[in-house]
Colleague: 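Below is the structure I would like to discuss, written out as structure tokens.
All residue numbers in this chain count up from 1 along the given sequence.
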Amino acid sequence: MIKLLAFLLAFLMLSGCSSPKQLTTTPISEPTVSPTPMPVVTKTEYKMIDLLPQQLLDEVNKLIVDYNARDAKDKYIDLQEIDPITKDSKIQILSPTEVTNGNQGEYNIYLNEKYALNVLLDSDELNVEYKVYGIVLNFYETDKKLYKEERRIIESLKDYLKDYTNLFMGRVFNDVGNEGDGNGEMVPKIHGIKDSVRINSTQDIIDFYRAGIVSEKVDEILKSAYTKNSSTYLIDKDGIPYRFICQCGGENYSTISPFLDEIISVKKEGNNLRVEVMGQKSYTESEKNYFNKVVEVIDLKKESGKWKIVNAYDKDEFNIKSIRVTVPIPYYTD
């Protein structure tokens, strides 16, 4: 009992020996914030709509399914498979504008680090029209340390590549004067190729082709050039080349102009080489008198120890087909 009383006395003495500390408080200063003005919306201003409406995504994904079903040779080397597009797909706005009357916006939807899907937005008073123009290069620029050998090969064949689509009908030839072909037609005699190669005989033309194009393709070119299935074709008269040019009007055609510093991808298969390079396509049709950047595909093969052209064509930006989707514009009213 005595021990219990002693314990209680000691406890009371300890609890009362120190006075409680005075607590000090520092007032928190609130930051000064300028009020953000609320946007004034009138009935003449249009409400922002979804960047990509679901209707557009659905249509694009149908085309992606078609693209994925193509043969590998009909796809880009580095775009053999495309994932479906969703609202979460990575999108870059190239020309940001508000969706108001008369404005446009341009968007790139990333497909991978090299390729994107191009979408143009164009609005009028009532609707926004989305136009998908297909697969485009996504601001790609080749590391100059890459593809040095391929650039050298293409450089050696650039004259053939530039006029490749025109070689079939002899459009690269220079001629002079008019001479009779023996059938009552007056035709010009061919004397050179772009003022750089002298032509004295039909064999000179054949040799020119064979210097940069594989043999089987040369046979196809000659068959086409000497067949009267066009307004322009070649005529051989005793080993001398002439050209028939119909005065009925020109034909539509384009030329290939690869940018050698911007090779995108290279694929090697045995003695064959496929090169995809940035290029420029020029049109001669009156309604398409403009220049356009495209992806050039150049198939090469080693023949007699020398690289020669098997095929050359462009995969332009309309490659995936173009579609349009129109969406009504909702707007605020008073």
Colleague: Identify the residue among I91, D58, I64, V119 that makes a side-chain contact (heavy atoms from CB on, under 4.5 Å) with I85.
Modeller: I64
Colleague: List the atom of M278, the atom of L137, and the distance in Å for their closest heavy-atom pair.
Modeller: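 Closest approach of M278 to L137: SD-CD1, 2.8 Å.
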Colleague: When rounded to the nearest 0.5 angstrom, what distance separates CG in N112 from CD in E81?
Modeller: 12.0 Å
Colleague: Evaluate the side-chain contact (heavy atoms from CB on, under 4.5 Å) criterion for residues K189 and K237: first the C-alpha distance (whole Å), next the side-chain angles of each, then the deciding distance (0.1 Å), finally the verdict.
Modeller: CA-CA 10 Å; K189 179 181 178 181; K237 179 184 176 184; over 6 Å; no
Colleague: When rounded to the nearest 0.5 angstrom, what distance separates CG in L79 from CD in E113?
Modeller: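 If we round to the nearest 0.5 Å, L79:CG and E113:CD are 11.5 Å apart.
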Colleague: Could you tell me whether E149 and R152 have a side-chain N and a carboxylate O separated by less than 4.0 Å?
Modeller: yes
Colleague: Distance-only, no hydrogens or angles: does the K306 side chain make a donor-acceptor pair with backbone N or O of A211 under 3.5 Å?
Modeller: yes
Colleague: With hydrophobic residues grouped by side-chain heavy-atom distances under 4.5 Å, do L222 and V214 end up in a single group?
Modeller: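 Per the 4.5 Å side-chain linkage, L222 and V214 are not co-clustered.
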Colleague: Side chains of R274 and E269: does their closest heavy-atom pair fall under 4.5 Å?
Modeller: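 Of all side-chain heavy-atom pairs linking E269 with R274, none is under 4.5 Å.
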Colleague: For a quick test of reading the model, state the closest non-hydrogen atom pair linking Y160 to F208 and the distance between them.
Modeller: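 Shortest heavy-atom contact: OH-O, 2.8 Å.
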Colleague: Okay, side chain of E303, backbone of S215: is any donor-acceptor separation there less than 3.5 Å?
Modeller: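 Flag set: sc E303 to bb S215 pair under 3.5 Å.
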Colleague: Just by modelled atom types, is the P53 backbone N or O under 3.5 Å from a matching donor or acceptor in the Y130 side chain?
Modeller: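 No.
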Colleague: Enter the distance from I213:CD1 to D219:CG here, rounded to the nearest 0.5 Å.
Modeller: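 Result: 11.5 Å between the selected atoms.
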Colleague: Are L146 and L300 linked, directly or through other ILVMFWY residues, by side chains that come within less than 4.5 angstrom of each other?
Modeller: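 Same cluster.
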Colleague: Tell me the closest heavy-atom pair linking K73 and K315, and the distance in Å.
Modeller: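 It is O-NZ, 3.7 Å.
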Colleague: Can any side-chain N or O of K301 pair as donor or acceptor with the backbone N or O of K308 at less than 3.5 Å?
Modeller: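 Looks like no, no N/O pair under 3.5 Å.
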Colleague: Between R198 and D204, what is the shortest heavy-atom contact and its length?
Modeller: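 What the structure gives for the nearest pair is O-OD2, 4.1 Å.
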Colleague: Could you walk me through whether I264 and Y76 pass the side-chain contact (heavy atoms from CB on, under 4.5 Å) test, one step at a time?
Modeller: CA-CA 10 Å; I264 304 160; Y76 295 100; over 6 Å; no
Colleague: Within the 4.5 Å heavy-atom criterion, are D314 and V297 side-chain neighbours or not?
Modeller: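 Answer no - side chains too far apart.
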Colleague: Minimum heavy-atom separation for Q55 to T326, with atom names?
Modeller: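 Scanning both residues, the minimum pair turns out to be OE1-O, 4.1 Å.
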Colleague: Going through the checks in order, is the side-chain contact (heavy atoms from CB on, under 4.5 Å) test met by Y164 and I298?
Modeller: CA-CA 11 Å; Y164 185 81; I298 304 167; over 6 Å; no
Colleague: After noting the C-alpha distance and the side-chain angles of L273 and V266, does the key distance pass the side-chain contact (heavy atoms from CB on, under 4.5 Å) rule?
Modeller: CA-CA 7 Å; L273 189 67; V266 174; 3.6 Å; yes
Colleague: With a sphere of 6.0 Å drawn around NZ of K268, does it hold more than 12 non-hydrogen atoms of other residues, nucleotides or ligands?
Modeller: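 Atom NZ in K268 is not packed in, count stays at 12 or less.
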Colleague: Which atom names give the shortest non-hydrogen contact between P258 and L161, and what distance separates them?
Modeller: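 Result for this residue pair: CG-CD1, 4.2 Å.
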Colleague: If you group Ile, Leu, Val, Met, Phe, Trp and Tyr by side-chain heavy-atom gaps below 4.5 Å, do I77 and I153 land in one group?
Modeller: no
Colleague: So if you build clusters from Ile, Leu, Val, Met, Phe, Trp, Tyr with side-chain heavy-atom gaps below 4.5 Å, do V65 and V60 land together?
Modeller: no
Colleague: Are K223 and E220 close enough for a salt bridge, meaning some N to O gap below 4.0 Å?
Modeller: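 No, no charged N to carboxylate O under 4.0 Å.
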Colleague: For the residue pair T86 and N61, establish whether any side-chain heavy-atom pair is separated by less than 4.5 Å.
Modeller: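 The answer is no; the side chains never approach within 4.5 Å.
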Colleague: Roughly how far, to the nearest 0.5 Å, is the CD atom of E106 from the CG atom of N118?
Modeller: 5.0 Å
Colleague: For a side-chain contact (heavy atoms from CB on, under 4.5 Å) with P241, tell me which candidate from D236, L234, I199 qualifies.
Modeller: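 So, applying the side-chain contact (heavy atoms from CB on, under 4.5 Å) to P241 and each of D236, L234, I199, only I199 qualifies.
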Colleague: Side chains of D122 and K131: does their closest heavy-atom pair fall under 4.5 Å?
Modeller: yes
Colleague: Does V310 belong to the same Ile/Leu/Val/Met/Phe/Trp/Tyr cluster as W307, with side-chain heavy atoms less than 4.5 Å apart forming each link?
Modeller: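 Different hydrophobic clusters.
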Colleague: Quick one: do K267 and D299 make a salt bridge, cutoff under 4.0 Å?
Modeller: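 Looking at K267 and D299, the cut-off is not met.
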Colleague: Checking the side chain of K75 only, and the main-chain atoms of N68 only, is there a donor and an acceptor separated by less than 3.5 Å?
Modeller: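 Yes; judged by distance alone, with no hydrogens or angles, the pair exists.
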Colleague: If I take atom CG from residue N200 and atom NE2 from residue H191, how far apart are they, to the nearest 0.5 angstrom?
Modeller: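 So the gap between those two atoms works out to 11.0 Å.
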Colleague: With rounding to the nearest 0.5 Å, note down the distance linking CG in L57 to OG in S89.
Modeller: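 One gets 7.5 Å once the value is rounded to the nearest 0.5 Å.
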Colleague: Would you call Y147 and V277 a side-chain contact if the rule is heavy atoms closer than 4.5 Å?
Modeller: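 Counting from C-beta outward, Y147 and V277 never come under 4.5 Å.
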